[in-house]
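Letters go in sequence order (proteins before strands), and every chain restarts at 1.
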Amino acid sequence: MHDHFLYKDRISDLTRRVIETYVTSGRLQHLDHCPLPNYDIVVQLLDDLKEILYPGYRHRDWLHMGNVVYHVGDIIDRLHDRLAVQFERALCHGRGMNTGCTPEKKYAMEQLGAEKAILFLGLIPDIRRSLAFDVEAAYAGDPACKSFDEVVFCYPGLEAITVYRLAHAMNDLGIPLIPRMMSEYAHGKTGIDIHPGATIGSHFFIDHGTGVVIGETCVIGDWVKIYQGVTLGALSFPKDEKGELVRDTKRHPTIEDNVVIYANATILGGETHIGRGSVIGSSVWITKSVAPGTTVLMEPPALKLRSPNS
Amino acid sequence: MHDHFLYKDRISDLTRRVIETYVTSGRLQHLDHCPLPNYDIVVQLLDDLKEILYPGYRHRDWLHMGNVVYHVGDIIDRLHDRLAVQFERALCHGRGMNTGCTPEKKYAMEQLGAEKAILFLGLIPDIRRSLAFDVEAAYAGDPACKSFDEVVFCYPGLEAITVYRLAHAMNDLGIPLIPRMMSEYAHGKTGIDIHPGATIGSHFFIDHGTGVVIGETCVIGDWVKIYQGVTLGALSFPKDEKGELVRDTKRHPTIEDNVVIYANATILGGETHIGRGSVIGSSVWITKSVAPGTTVLMEPPALKLRSPNS
Amino acid sequence: MHDHFLYKDRISDLTRRVIETYVTSGRLQHLDHCPLPNYDIVVQLLDDLKEILYPGYRHRDWLHMGNVVYHVGDIIDRLHDRLAVQFERALCHGRGMNTGCTPEKKYAMEQLGAEKAILFLGLIPDIRRSLAFDVEAAYAGDPACKSFDEVVFCYPGLEAITVYRLAHAMNDLGIPLIPRMMSEYAHGKTGIDIHPGATIGSHFFIDHGTGVVIGETCVIGDWVKIYQGVTLGALSFPKDEKGELVRDTKRHPTIEDNVVIYANATILGGETHIGRGSVIGSSVWITKSVAPGTTVLMEPPALKLRSPNS
């Protein structure tokens, strides 16, 4: 008991030593009067957005055309309030307003956040239309799939594409940081990492999906099908004269319409184009363009017979 | 302030536009008086099932033989109530009863749901016996493993196999959709995607496991060991005369007893048999059968010496 | 209704049959008066630790130098209480004290748990300094990265490395089981599986990260960069004269300073050293040492032209 009190006396010393590192070690704390977007709220926003994109499939039971308007109207109302605040925070942060903020500037950012929240919510109908095609592509592309309901409930590819289409729209509206927070949340849940900056056509299907990486400057056509472990990545990173990475080039491949890429294939480089209708086999590694209609396969591996007693 | 009210006036317009897409864009909403299984409840069911499968390891502390009967009896009671309701929903849905339901049909489905819930719970002792072998196989197969407790607490492979054994039993009872919801939940948590339809023997061990995919028609023997990134998948999908995928063939490989498959290997095709005692090396890609006792390895990769200044 | 009561009568029978397996099937239950570390609490501990490592980025908004001391002091206080209890449980368990415990032994373990909790919390400032270098390495290594804030919010590699640095410190203090519970929690969230026993230098960067496995006896230098799907694993497991795995050898590779390992490469074996400044290409499979400055690449795959009608 006595000893335990001694240990507790040391809490204030420990606290002081931790606080000291908030001054000396940069980059790991955000301590000022201009808060960042809140991660917990961003996750709630995604949850609400999915509830109105897929009504009847997620939290609320017993929805029908007679009551869905109240449920959805209520969610849209609270979405707008929260989106406006989080957008404002992201916009202030993106413009470096944590120093030199004035009441006028703050008011202007509040207005801009609210306006962009309305613009974003106005895109939901289009996003739903696009997601309906993605559901169709999943059912058409997987013989293990028993129903459209199974796609909506159980396909991590649809979850990742849903968050991508939301985050991409937000990115196009010029909102910093929040689209990446959203895509990383989806990555954590599904193992599928799609950068919000990527450009992806209609009827996109990712099956299983764990380990898929789709880089920021990828361009993907319509009716493309991708399996688990596929990387659409960068080949190498040019540096500028100061030795720092050049950040705004096309570093990731272009995948044309009707391409299928099987499990664990790796396709690298901003100048790499996979031509329309090509099939890329499992585990291959490609850094050059491929003409339309090409099938790319690995050599079969060596077999080694083992004696039964080894 | 004034502007903000203006924006708020637009909420009802936004809601109306979203609701409209519930009529026109099919497949993304479930709006009728026959609700689907509820995802949140399905997740709670899994949590309760794991609490009685592994008592003392999960939520409740201080369990001993004197009090465990109350804890477990209470969970089984609420499991039965919830399983019955969710099974009923899945059965109605699987039989297309959202149109043409009658009180008699609804009553019959309620009875069937409750009966299958009892049958399912009656399988728990057998499932526990099977999982005890899986724990044994994990400890026997990983030199980094310090204790059986570590397997139960920390092995994502055991988590995925636990959910597989539950979902497979449910699948065998003819419950639609819920087994896939469960397997997808486990996939999200562990990165291991085992279809509930797969057939898997005793003493199954998956180490690390992220990226593992085991398809619906796989047949796996006893004492099989699989590492992260292994795909047991389909080679290609035959289509019927209408151009639609044929959905009920054996599309995934057969893995016989005592096979080890190392990281990121890909084995494809319903006619591919990996013979008893074979060892499949990392990153290989196999689409043909392999005789018992075979070791399959990749060629070592090319080495390129780089000058120090390049 | 009547039938439903009949089903309910069977609950007690089901409970009895499940309880019976708690006696007969070993390894899946922990039923005694010496509880194990609690998984839910271990997850809360990690959450609190991350809140003080990255103040202003996670749950609490509006932190500044004027109020952060109260927030952090409060968290450290409750961290100490909980760490002490969980450490005590792990220490008792690791020493097999569930049999033959005495009040004196229990008191000694309580003291030891509280002492090690203080020692662990005393390491937080050093861990923060080390994590600041990891954040720097992520920004320096990824051209898609827009800011340090993005690294802290959105990089699963940083999440996994954060938990690794905490778990490794705890492991060095001789706490059993809890470090592995923590690393497995991070693995579930990020798909990155770093064993707490691994030795990792400064400025470590993992990009995307899904599927990465870093084994218990790996040794990794400074400024190493690793991409998704990379395995640093064991080649084969020697067995002792009883046929059981030998558990305390160096089984995993050594990666020297300034090495880059691209997506899905697999490097195996305790004697495998990847020399300083080497570059290991995507999807390669290596089981032998590589001299400093070497680039290892896969052969380009075979291309097969397909006729447009096939």
Side-chain angles (χ1 to χ4, degrees), chain A residues 3-4 7-8 10-12 14-15 17-22 25-33 35-36 38-40 93 176-177 180-181 184 187-188 191 193 195 210-211 213 215-216 229 231 233-234 237 245-247 251 264 266 268 279 283-286 290 293-299, chain C residues 52-59 61-65 68-69 72-73 76-77 80 111 114-115 117-118 121-122 124-125 128-129 131-132 135-136 140 142-144 146 148-150 152-156 189-191 208 210-211 228-229 263-264 281-283 298 300-306 308:
Chain A
D3 288 355
H4 192 65
Y7 292 127
K8 296 299 281 190
R10 294 166 66 178
I11 298 296
S12 65
L14 287 170
T15 301
R17 287 180 50 223
V18 170
I19 297 284
E20 275 171 13
T21 70
Y22 295 167
S25 290
R27 317 302 195 188
L28 303 185
Q29 59 278 335
H30 182 84
L31 300 173
D32 66 25
H33 294 274
L36 293 167
N38 183 294
Y39 189 81
D40 296 333
H93 180 65
L177 214 47
R180 277 287 289 129
M181 292 165 81
E184 190 45 41
H187 181 201
D193 187 355
H195 197 288
T210 310
V213 174
E216 184 182 20
T231 292
F237 305 140
L245 296 180
V246 180
R247 288 178 192 263
R251 304 179 304 278
N264 302 319
T266 305
L268 304 178
V279 174
S283 306
V284 306
W285 174 76
I286 293 180
V290 156
T294 310
T295 297
V296 183
L297 293 177
M298 286 256 285
E299 289 294 312
Chain C
I52 63 173
L53 288 172
Y54 301 108
Y57 282 101
R58 295 177 52 81
H59 302 302
D61 276 336
W62 296 103
L63 285 174
H64 48 79
M65 286 308 289
V68 73
V69 63
V72 167
I76 287 181
D77 186 51
H80 179 260
Q111 294 301 311
E115 187 184 324
I118 288 286
L121 289 169
I124 299 291
R128 286 198 92 236
R129 276 182 276 273
L131 291 169
V135 169
E136 196 184 307
D142 181 11
K146 307 289 184 279
F148 289 91
D149 299 306
E150 188 181 337
V152 177
F153 268 133
C154 310
Y155 275 61
K189 276 189 70 180
T190 65
H208 310 296
T210 310
Q228 66 274 15
N264 302 318
S282 283
S283 307
M298 286 255 285
L303 299 195
K304 226 171 60 174
L305 277 179
R306 197 174 52 161

Testing the basics here: between [X] and [Y], what is the closest heavy-atom pair and its distance to 0.1 Å?
X	Y	result
Ile76(C)	Val18(A)	CD1-CG2, 3.9 Å
His59(C)	Asn38(A)	O-ND2, 3.3 Å
Arg180(A)	Tyr155(C)	NH2-CE1, 3.5 Å
Pro55(C)	Leu28(A)	CD-O, 3.7 Å

Once you round to the nearest 0.5 Å, how far does [atom1] of [X] lie from [atom2] of [Y]?
X	Y	atom1	atom2	result
Asp77(C)	Ile11(A)	CG	CD1	5.5 Å
Met181(A)	Cys154(C)	CE	SG	6.0 Å
Thr231(A)	Gln228(C)	OG1	CD	4.0 Å
Trp62(C)	Leu36(A)	CH2	CG	11.0 Å
Glu150(C)	Glu184(A)	CD	CD	9.5 Å
Thr15(A)	Ile124(C)	OG1	CD1	11.0 Å

Option in [options] with maximal non-hydrogen atom pairs under 4.5 Å from chain A:
options	result
Ala263(C), Gly281(C), Ala132(C)	Ala132(C)
Pro143(C), Gly229(C), Pro125(C), Gly73(C)	Pro143(C)
Lys189(C), His64(C), Glu136(C), Met298(C)	His64(C)
Asp142(C), Thr190(C), Asn264(C)	Asp142(C)

Interface moiety of [X] toward chain A, non-hydrogen atoms closer than 4.5 Å:
X	result
Ala117(C)	neither
Val152(C)	side chain
Val135(C)	side chain

Side-chain donor or acceptor of Arg17(A) paired with backbone N/O of Gly122(C) under 3.5 Å: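 Yes.
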Taking the side chain as every heavy atom from C-beta outward, state whether His30(A) and Arg58(C) have any atom pair closer than 4.5 Å.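 When only atoms from C-beta onward are counted, Arg58(C) and His30(A) do not touch, as no gap falls below 4.5 Å.
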Taking the side chain as everything from C-beta on, heavy atoms only, tell me whether Met65(C) gets closer than 4.5 Å to Leu31(A).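 Sidechains of Leu31(A) and Met65(C): in contact.
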Parallel, tilted or perpendicular: ring planes of Phe153(C) versus Tyr39(A), cut at 30 and 60 degrees: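 Judged by the thresholds at 30° and 60°, the geometry between Phe153(C) and Tyr39(A) is parallel.
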Under the criterion side-chain contact (heavy atoms from CB on, under 4.5 Å), I'd like the reasoning laid out for Tyr22(A) against Leu63(C): C-alpha separation, chi angles, the key distance, then a yes or no. CA-CA 12 Å; Tyr22(A) 295 167; Leu63(C) 285 174; over 6 Å; no
In sequence, state the C-alpha distance, the side-chain angles, and the governing distance for Leu268(A) and Ser282(C), and then conclude on side-chain contact (heavy atoms from CB on, under 4.5 Å). CA-CA 10 Å; Leu268(A) 304 178; Ser282(C) 283; 3.9 Å; yes
Side chain, backbone, both or neither: which part of Ser283(A) has a non-hydrogen atom closer than 4.5 Å to chain C?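 Backbone only.
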So if I apply the side chain to side chain contact (heavy atoms under 4.5 Å, CB included) rule between Thr210(C) and each of Asp193(A), Val213(A), Thr210(A), which one comes out positive?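 Between Thr210(C) and the candidates, side chain to side chain contact (heavy atoms under 4.5 Å, CB included) is satisfied uniquely by Thr210(A).
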Charged N to carboxylate O under 4.0 angstrom, Glu20(A) versus Arg128(C)?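 A salt bridge is absent here (no side-chain N lies under 4.0 Å from a carboxylate O).
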